[in-house]
Amino acid sequence: MHTGSPAARTSLTVLALVAAILALVLGGAGSAFAHAGLSGSDPADGSVLQAAPQQVTLTFTESVSFSEDSLRVLSPENERANPRPAQHVDGKDNTARVELSDELPQGTYTVAWRVVSADGHPISGAFIFSIGKPSDTTVVVATGSLEDTAAGRLYGFLRYVAYSGLALLVGAAAFVLVCWPTAGAVRAVRRLLAVGWAALAASTVALLLLRGPYETAGALTSAFDLSRLGRTVTGRPGIALIARLVLLASAAVLLKRLAVRLDRHDDGKVPDDLGAPVRLAGAVLALALAFTWASAEHASAGIQVPLAIPVSVLHLLAMGVWLGGLITLAILLRRREPGSSAIPASAIGRFSTLAFTAIAVLVGTGMYQSWRQVGSWEALSTTSFGRILAVKIAAVVLVLGVAYFSRRWTARLVHEGSSPAAEPPAVPEPERVRVVQTVGAPPSPTGSEPGSASGAPAGGEPGDDTEPPAAETDGYRRSLRRTVAAEAVLGVVVLAITTLLTGTQPSRAAADRAPTATAQEPQAKVVTVPFEMGTANKRGTVQITLAPGRVGENTVEAIVFTADGGLATVPELRLTLTQDDLGIGPLDAKLKNQKGYWAAYDLRLPMPGVWTLNVTVRTTDIDQVTVRDTVRIT
């Protein structure tokens, strides 16, 4: 392969354009959201236990996988409290459980977890529970984006390269096998096939190595850790990547044999005994390659999986046939190599029909996937997945508008190519007639040259500016070249948005997870503070409720109880909150007497952490006491 040739430079330029647009569109897209979510835990988040539990159990909205270090329980001193790794509970794939050490001291414990959801994306989180009473903790849990690591960013970019390579490989192969099945066409797109194959193969190898660091948020150097690579190849994403490499090796053998056979045929046509088997083998390989994506991403989780996987395969193949075919057509329309034949109008017409079919499949399968993953019209504007999908729909509509003009130019080109006027008329060999002429005689009045069959002038009539059919056809090709190039660029943008959607949490999954997660979370923080005046009948407790007990605006209600549990009426009750570690406060809750209890409805807490409650209770004009307790705000 001569990489310096115009065709090679064009192929590399197209690949660079694909990568550049992907990086431009997706570089600031933000972090991706995974499919699964934590639906419950035992102990629950924020709970205070009287006795130390023997184990910690997590339940997720779908099946998850994890490594030895996926679930950690950390003491207030940031020491491991679980001596053994997590296991599934009773064979349930959506659970994770770790056993705890014996004789755990009192205080606040942090549970940090990072698992891989069924669609191949890692998810993580943390929550706390306390034994005896809450305490300060030295544990610091990373709160950054899962994708905001060197391995995560590189893994995301390589996923886009893999999609681009698949589109180039499938689209170029479909173009020459269906639209222009000639030996010359195969040779013309051989370099483009090689670029697509190489991009897909190289990105797949890199994804396989980076899968371990991507799942565990490890360093890039851990990509060559054999033990971590061994765990990767036994998981579903790793098996899919290995299968993709095997299929690519088979495709390389097929392309090599096809090239050898074609080099033996100079008649310009693919042999009949070669065309049908190659088309069948190519279709099988394309289906299998697309399946390696569908079996390990969104289609493999959620509702209607048996239907969603084949629909996803068709969607991906239609994308490759359409977008890769467009890039192939754009390159062939710009060929300027000496001795290269122009692509015939009939081949362009066949691709127009093929592209229309591919777009129809894209729209149909896309509508099903949108319904399956969004679930409601409201989710289009209220979820990240819905908003990205709305952008994709707008881009597809724009592509369809450009495609309309491409089909118009194609129809004109095909019409001119099939019209007799489009071909230059055959000029018969002039009949030689012996004309007797006197030496020195003047020229013939008709102006004909000796030996001419007629008196027609050799050139056109002066002032005749009618455009020859060939020039008109060239004009159609130039217009088609421009619209196809625009359509291809927009198609790359659609591919970029589609790739982003594969890493974004579907709206239906978010809606299904929210009620369960909310039901498991405490709706309020309740603190009971005893007080004592030092005299009889002046002992009691103050029950303070903060709802929801989180950063932001809270409702505060305070009730005073007597020593025997009855309601008590006091003339004044004050509550202030401070956070000594950060030097915040005191914040006055400004409680107001509500005839039986005290309340405030606009207490705003600016920071999470342990806050100190300062409660002042005045029972008479001269008797009052201030007591303190703590509450953890999340």
Side-chain angles (χ1 to χ4, degrees), residues 38-60 66 68-90 95-115 124-143 516-531 541-551 554 577-582 605 607-615 627-634:
L38 181 67
S39 62
S41 64
D42 183 18
D45 183 13
S47 60
V48 179
L49 310 177
Q50 297 302 317
Q54 296 181 347
Q55 57 199 12
V56 173
T57 304
L58 278 65
T59 304
F60 298 90
F66 39 78
E68 296 180 356
D69 204 37
S70 290
L71 185 56
R72 297 175 298 150
V73 181
L74 304 173
S75 69
E77 291 76 26
N78 200 20
E79 296 178 352
R80 287 287 290 267
N82 59 304
R84 286 174 288 277
Q87 301 290 335
H88 290 300
V89 181
D90 300 329
T95 61
R97 173 179 289 174
V98 290
E99 296 181 0
L100 301 181
S101 305
D102 298 330
E103 300 180 358
L104 295 177
Q106 291 188 347
T108 297
Y109 287 76
T110 302
V111 181
W113 51 270
R114 182 182 177 94
V115 299
S124 67
F127 65 90
I128 62 169
F129 68 90
S130 301
I131 301 175
K133 63 178 181 179
S135 69
D136 295 332
T137 177
T138 60
V139 178
V140 177
V141 179
T143 58
T516 306
T518 303
Q520 298 294 332
E521 296 174 355
Q523 299 299 307
K525 299 293 178 66
V526 180
V527 179
T528 301
V529 186
F531 66 90
T541 57
V542 179
Q543 178 179 293
I544 301 174
T545 303
L546 291 92
R550 296 181 176 274
V551 171
N554 285 259
L577 297 91
T578 59
Q579 194 177 69
D580 299 331
D581 294 341
L582 299 178
L605 299 177
M607 297 291 293
V610 178
W611 288 75
T612 300
L613 305 178
N614 304 283
V615 185
V627 291
R628 295 176 175 83
D629 207 334
T630 59
V631 62
R632 178 174 290 275
I633 301 299
T634 56

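- If you take CD1 on I633 and CG on N554, they are separated by 6.0 Å, rounding to the nearest 0.5 Å.
- S75 places no side-chain N or O within 3.5 Å of a backbone atom of A81 that could act as its donor or acceptor partner.
- Between V529 and R628, the shortest heavy-atom contact is CG1-O, 4.3 Å.
- Taking each heavy atom of F531 and T541 in turn, the nearest pair found is CE2-N, 3.5 Å.
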Inset, instruction - Check step by step if side chain to side chain contact (heavy atoms under 4.5 Å, CB included) holds for T612 and Q579. - result: CA-CA 6 Å; T612 300; Q579 194 177 69; over 6 Å; no
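- In this structure, L577 CG and T630 OG1 are separated by 11.0 Å, a value rounded to the nearest 0.5 Å.
- Across all their heavy atoms, I131 and A51 have their closest contact at CG2-C, 4.2 Å.
- Side-chain N or O atoms of R114 include none that pairs as donor or acceptor with a backbone N or O of F66 at under 3.5 Å.
- Nearest approach of P43 to L49, heavy atoms of both residues: CG-CD1, 3.7 Å.
- Every residue meeting the side-chain hydrogen bond (donor to acceptor under 3.5 Å, both in side chains) condition with T57, not counting sequence neighbours, appears here in chain and number order: R97.
- Scanning all heavy atoms of the two residues, the minimum distance from L74 to R80 falls at CD2-CD, 3.7 Å.
- Atom CD in E79 sits 11.0 Å away from atom CG in L104 (nearest 0.5 Å).
- Relative ring orientation between F129 and Y109 is described as parallel, the plane-to-plane angle staying below 30° on a 0-90° scale split at 30° and 60°.
- The side-chain heavy atoms of N82 and V56, taken from C-beta on, include no pair separated by under 4.5 Å.
- Between R84 and V98, the shortest heavy-atom contact is O-CG1, 4.1 Å.
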Inset, instruction - Start with the C-alpha distance between I128 and D45, add both sets of side-chain angles, then the distance that settles side chain to side chain contact (heavy atoms under 4.5 Å, CB included), and finish with yes or no. - result: CA-CA 5 Å; I128 62 169; D45 183 13; 4.0 Å; yes
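- L546 places a side-chain heavy atom less than 4.5 Å from the side chain of L605.
- In this structure, L58 and V111 have side chains that are in contact, with non-hydrogen atoms separated by less than 4.5 Å.
- The backbone N or O of T108 sits less than 3.5 Å from a side-chain atom of S135, completing a donor-acceptor pair.
- Not one N or O on the side chain of Q55 forms a donor-acceptor pair closer than 3.5 Å with the backbone of D42.
- In this structure, F60 and V115 have side chains that are in contact, with non-hydrogen atoms separated by less than 4.5 Å.
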